[in-house]
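Here's the structure we're looking at; comments come further down.
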Amino acid sequence: MRIFKFGGASVKDAAGVQNLVKVLKEVGHENTLLVVSAMGKTTNAMEKVVNFYFDDKNALSSAVHEVIAYHNEILLELFKTDNHPVFEKVKVLFDEVQGFLVWNKSPNYNFVYDQVVGYGELVSTTILSAYLNEEGIQNSWLDVRDFIKTNNNYRDALVNWEKTQAKIAEGVDKNKFYITQGFLGSDDNNFTTTLGREGSDYTAAIFAYCLNAKSVTIWKDVPGVLNADPRYFDNAQLLNQISYREAIELAFYGASVIHPKTLQPLQRKEIPLLVKSFIDPKGAGTTVGKGTALEPQVPCYIMKKGQVLMRLSSLDFSFIVEDNISALFKMLHDHKMKVDLIQNSAISFSVCVDNRFGRLQELLDLLKSRFKVVCYEGVSLYTVRHFDNDAIKTLQNGKEILLEQRSNETVQLVVK
């Protein structure tokens, strides 16, 4: 069985949905499980709904109806009439969202987030399943929450592999064509959980692992894995092949094409990962596999914007030793800061973090009680794998470098 994953950009409008069908007709869909994200920027729009729920109830209804109108426009373009049964199915889903926002009593932002935001994927796959049937591609729609079981760490749930494997083995026939949602799971109380932003790639890998799939293909709007993000770097090159290890390194440092958690289950069973273009489905793309060398051998550039650099030093010029470092990492963990770079000396400690959950001020207040703290917000973190002198000079040119760190294969620069 093959696993195909299509992201939000591939189904952002009616033309995108029609192109997805064209891709399936071109490359085949037999014995395939399709994992699909929310349409376009729906996840962002649903996040606004959650924020209004907590901060501005007067704007809530308008935000919800904006999402509904967006999807209804796509429905009308695809089906030409509002009499098609899919309209009622989509309405029921949005009624569930609005009902939850009325009866919910939980003040837990992360819990509410997961119960609301996940409807983006449920709606997109409902629309796509109905359209595939219209186009003669018969499929079975699966609610992924019945299969991927997790803990209740909302917004960043951990997969219960034993339960998940049992559910998938029991409920998925390798000889059929399925469509399901990325990003979502459910806890022991059957509340919706999410696997972290961009978690749809991870969903594909989970199914691949549990089904011993032949391959996973991630369909993108780029030719494959590039050595740099073309939005920020000129002359980006296609990487024809890379190893699991190299892909994991790139993902760890923030490469946006592959989700960091996606590669680990694939590597364990040596399942090839293909990254291909839904604009040019017959293009070669990139193959990620066991032991394959980086080809071509070129520097690989990664940029993460909107990071935070903190420089900490002891108030009394005492050493930053093990007990201090242990306490620091506990604070970072407790405040859900993703650590991207660390550097320390005898009396100072620098850390570049991703403030994913907006808890920076809480952390700073705590740190300032124990350390002298200098904080730079909105910095950019550049990482270059397989760097050369030209690559370093290009990055340094005209920029204020706040921190630099090098190893044999990798250089990282924090830039103001």
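Counting begins at 1 with the first residue of the sequence.
Sorted by first then second residue, the side chain to side chain donor-acceptor pair (under 3.5 Å) pairs that include residues 236-245, not counting sequence neighbours, are N240-E295. Screening residues 12-27 for side chain to side chain donor-acceptor pair (under 3.5 Å) gives K25-E135 as the qualifying pairs, with residues at least two apart or on separate chains. Pairs engaging residues 167-185 under the salt bridge (charged side-chain N to carboxylate O under 4.0 Å, His left out) rule: none recorded [sequence neighbours left out]. Judged as a ring pair (Phe, Tyr, Trp, His ring centres under 6.0 Å), the pairs with a partner in residues 152-173 (not counting sequence neighbours) are, in order, F111-Y154, W161-Y209.
A distance of 4.0 Å separates CD of E249 from CZ of R385, quoted to the nearest 0.5 Å.
Checked against ring-ring contact (aromatic ring centres under 6.0 Å, His included), H335 has no partners two or more places apart in sequence or in another chain. Residues passing the side-chain contact (heavy atoms from CB on, under 4.5 Å) test with N189 are D187, F191, sequence neighbours excluded. Residues satisfying the side-chain contact (heavy atoms from CB on, under 4.5 Å) criterion with Q412, sequence neighbours excluded, are Y253, L341, L381, T383, Q405, T410. Here E404 pairs with R406 under the salt bridge (charged side-chain N to carboxylate O under 4.0 Å, His left out) rule; sequence neighbours left out. Taking the side-chain contact (heavy atoms from CB on, under 4.5 Å) definition, one finds that N190 meets it with K149, S186, sequence neighbours left out. For D95, the side chain to side chain donor-acceptor pair (under 3.5 Å) partners two or more places apart in sequence, or in a different chain, are K91. A search for side-chain contact (heavy atoms from CB on, under 4.5 Å) contacts involving T126 returns V86, K89, V90, L93, W141, not counting sequence neighbours.
Closest non-hydrogen pair, S106 versus V112, comes out as O-CG2, 3.8 Å.
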Taking only distance into account, with no hydrogens and no angle test, what donor-acceptor pairs under 3.5 Å do side-chain atoms of residues 116-124 form with protein atoms, sequence neighbours excluded?
from	atom 1	to	atom 2	distance (Å)
Y119	OH	E96	OE1	2.6
E121	OE2	A38	N	3.3
S124	OG	S37	O	2.7
S124	OG	G120	O	3.4
S124	OG	E121	O	3.1

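For the pair D114 and R155, the salt-bridge criterion is not met [side-chain N within less than 4.0 Å of a carboxylate O].
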Start with the C-alpha gap between L328 and V351, add the side-chain angles, then the distance that decides, and say whether side chain to side chain contact (heavy atoms under 4.5 Å, CB included) holds. CA-CA 10 Å; L328 283 168; V351 57; over 6 Å; no
